[in-house]
Amino acid sequence: MKWRNWSLHQTLILSALLTYSWINPGLAQTDKPLTRAEVYKVIKIVELILHNQTQRRAELKDVIVPKDAVKTGVSSEAQLFFNDQSLIRVDQSSVFRFEPGLRRFKLRNLIALNEMIFKLDDGTALILSPPGSVGTALETPETKINIIAPKPALAQHSNSLVASNKNLKISQDNDLYTPAQKASAVMVIHNKERNTTQVFALTDGDIKISDQKEKKTVALKGGQTVAVRNGIVGNPQEFDLQAFYKTVALTSGLGPGQENLVAQESTPVQETLKAVRRETLAALKNQAQRFRGFTRTFLADALNGTEGDLNPRPGVSVRIINPNVVTGTFYKTSNNTAIFIPDNNPNSPRNINVDFDQRTITIDGNTGVSNNAGLSGNNASGAVINANGQITQIDVFGVNGEEPQNNIPYRGSLTTGTARDR
């Protein structure tokens, strides 16, 4: 299924806290912030908006520096490779700006730094950070997103470093962090018209999202997403990483079986992608284990007529005799329409019309003699029962008490059998 891109207009501020190679042990000196990025890849229409210069078409190996911007057209893409080996992919209809950063300092085994600011005025961005990054903080007008969420140094270390590095003018206002040992990958979309921010974690790690007042903070694992609507942080949901890599072109090279795509890149970019791939594949494996748990729990619920204990809601699932369970991927293609793609027959998707507010569902045009849909424990569920007692039930895993969102792949199951109470 083709990934559907949203039309986005809200300013997204990316405060990237990134590191460089270590200095000589025992020494501490001022380090320059990120100074440049090279236009690594151009697909179709990409333009450079250079500071105090006329806007022009981008070319490979063009360099952008602070106050420059890259703008992509419809069905276009730009990839920027920064001088710390971070790779940022800017999707279609986007504007990515490179803003001046503040000074940062490097100490042995620790870093004291301030912010380096990127701005994504329109569109979608995938941020791939190699090992050694301290963290990436994203801000929308009503959202704070800590991509790596590095752990601050211990207070006693902070005090001693401040005292021993007076010449660097380090103070308690400088955040001291230990560098991350793993690569990370996160995709972010912001939609002005809907006033929503959507964050997709592709790697495990301490990834946190909060509102501007930090009244609510949620943490994401690889394969989890969260929406922030009108400044309100939602609940994490499980999206299908396997399907995500098959349908979202921006993530090429990060999924299983995509080693050949990595091999086509330049040597420095290959190094970054290989480091990130180790973490994306590990997250995929971890999510598969979670999905197996969801499936086992659902099958037990179907047989026993019980509900999950997360976010309990009115019962939707029906007790089923001799259930036949097929796993697959669920896509909600619009507010009330969806498809279910069975793993064992991907060329024959099942068409679904569902209204969670009205608690109604139709599967392949069949409403049955009764039907019901809603949020059932940690899953979204819908069932159609025919006059002969035959039942078809759809379950969408890991939505955590919230409706499945449009155009995001979720793992789920389709169960057929006989309703026990018929």
Minimum side-chain heavy-atom gap [X]-[Y] below 4.5 Å:
X: V188; Y: T197; value: yes
X: K182; Y: V276; value: no
X: L80; Y: L87; value: no
X: N406; Y: T333; value: no
X: V262; Y: Q264; value: no
X: I363; Y: I394; value: yes
X: L128; Y: L273; value: yes
X: L220; Y: V226; value: yes

Got a donor-acceptor contact below 3.5 angstrom from the [X] side chain to the [Y] backbone?
X: S348; Y: N345; result: no
X: Q224; Y: Q237; result: no
X: D355; Y: D357; result: yes
X: Y40; Y: R89; result: no
X: S76; Y: V74; result: yes
X: N378; Y: N400; result: yes
X: S129; Y: S184; result: no
X: R350; Y: D364; result: no
X: T272; Y: Q85; result: yes
X: T247; Y: A243; result: yes

Does the side chain of [X] pick up a donor-acceptor pair with the side chain of [Y] at under 3.5 Å?
X: Q55; Y: E47; value: yes
X: N260; Y: Q258; value: no
X: N353; Y: T337; value: no

Apply salt bridge (Lys or Arg N to Asp or Glu O under 4.0 Å) to residues D68 and R36 and explain how you reach the verdict. CA-CA 10 Å; D68 291 343; R36 54 178 281 160; over 6 Å; no
Looking at every non-hydrogen atom in both residues, tell me the closest pair between [X] and [Y] and how far apart they are.
X: A58; Y: L48; answer: CB-CG, 3.7 Å
X: I361; Y: G382; answer: CD1-CA, 3.7 Å
X: L375; Y: G401; answer: CD1-O, 3.1 Å
X: A78; Y: V46; answer: CB-CG1, 3.8 Å
X: G417; Y: Q390; answer: O-OE1, 3.2 Å
X: G222; Y: D204; answer: N-OD1, 2.8 Å

Starting from the C-alpha separation in whole Å, work towards a yes-or-no answer on side chain to side chain donor-acceptor pair (under 3.5 Å) for Q92 and E77. CA-CA 5 Å; Q92 67 168 342; E77 180 186 329; over 6 Å; no
For side-chain contact (heavy atoms from CB on, under 4.5 Å), just list the numbers for I339 and N351, CA-CA rounded to whole Å, side-chain angles, deciding distance to a tenth of an Å, and then say yes or no. CA-CA 5 Å; I339 61 172; N351 295 307; 3.6 Å; yes
Stepwise, does the side-chain contact (heavy atoms from CB on, under 4.5 Å) test hold for I207 with V186? CA-CA 9 Å; I207 301 171; V186 176; 4.1 Å; yes
Nearest 0.5 Å, what's the [atom1]-[atom2] distance between [X] and [Y]?
X: L202; Y: L281; atom1: CG; atom2: CG; answer: 11.5 Å
X: N371; Y: Q358; atom1: CG; atom2: CD; answer: 11.5 Å
X: I385; Y: I391; atom1: CD1; atom2: CD1; answer: 4.5 Å
X: K274; Y: T267; atom1: NZ; atom2: OG1; answer: 8.0 Å
X: I352; Y: T362; atom1: CD1; atom2: OG1; answer: 10.0 Å
X: L261; Y: T251; atom1: CG; atom2: OG1; answer: 9.5 Å

May I have the step-by-step check of salt bridge (Lys or Arg N to Asp or Glu O under 4.0 Å) for E238 and K221, ending in yes or no? CA-CA 9 Å; E238 293 277 349; K221 300 175 182 178; over 6 Å; no
Any chance you could lay out the side chain to side chain donor-acceptor pair (under 3.5 Å) test for T225 and Q198, step after step, and finish with the verdict? CA-CA 7 Å; T225 181; Q198 192 79 39; 2.7 Å; yes
Partner set under salt bridge (Lys or Arg N to Asp or Glu O under 4.0 Å) for R411, not counting sequence neighbours: D240, D343
Step by step, work out the side-chain contact (heavy atoms from CB on, under 4.5 Å) result for Q393 and L414. CA-CA 6 Å; Q393 180 166 301; L414 184 146; over 6 Å; no
side-chain contact (heavy atoms from CB on, under 4.5 Å), that's the test. Do K41 and F81 meet it? Break it down for me. CA-CA 9 Å; K41 190 169 290 187; F81 195 57; over 6 Å; no
Assess the residue pair D395 and S413 against the criterion (side chain to side chain donor-acceptor pair (under 3.5 Å)); give the C-alpha distance rounded to whole Å, side-chain angles, the decisive distance to 0.1 Å, and a yes or no. CA-CA 5 Å; D395 275 76; S413 65; 4.7 Å; no
Looking at K44, I'd like to know if its NZ atom is crowded, meaning that more than 12 non-hydrogen atoms belonging to other residues, nucleotides or ligands lie closer than 6.0 Å. no
Once you measure the plane-to-plane angle for F200 and F239, does it fall in the parallel (<30°), tilted (30-60°) or perpendicular (>60°) bin?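 F200 vs F239 ring planes: perpendicular.
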Among T367, N366, T392, the one residue meeting side chain to side chain donor-acceptor pair (under 3.5 Å) with N386: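 Result: among T367, N366, T392, N366 is the only option passing the side chain to side chain donor-acceptor pair (under 3.5 Å) with N386.
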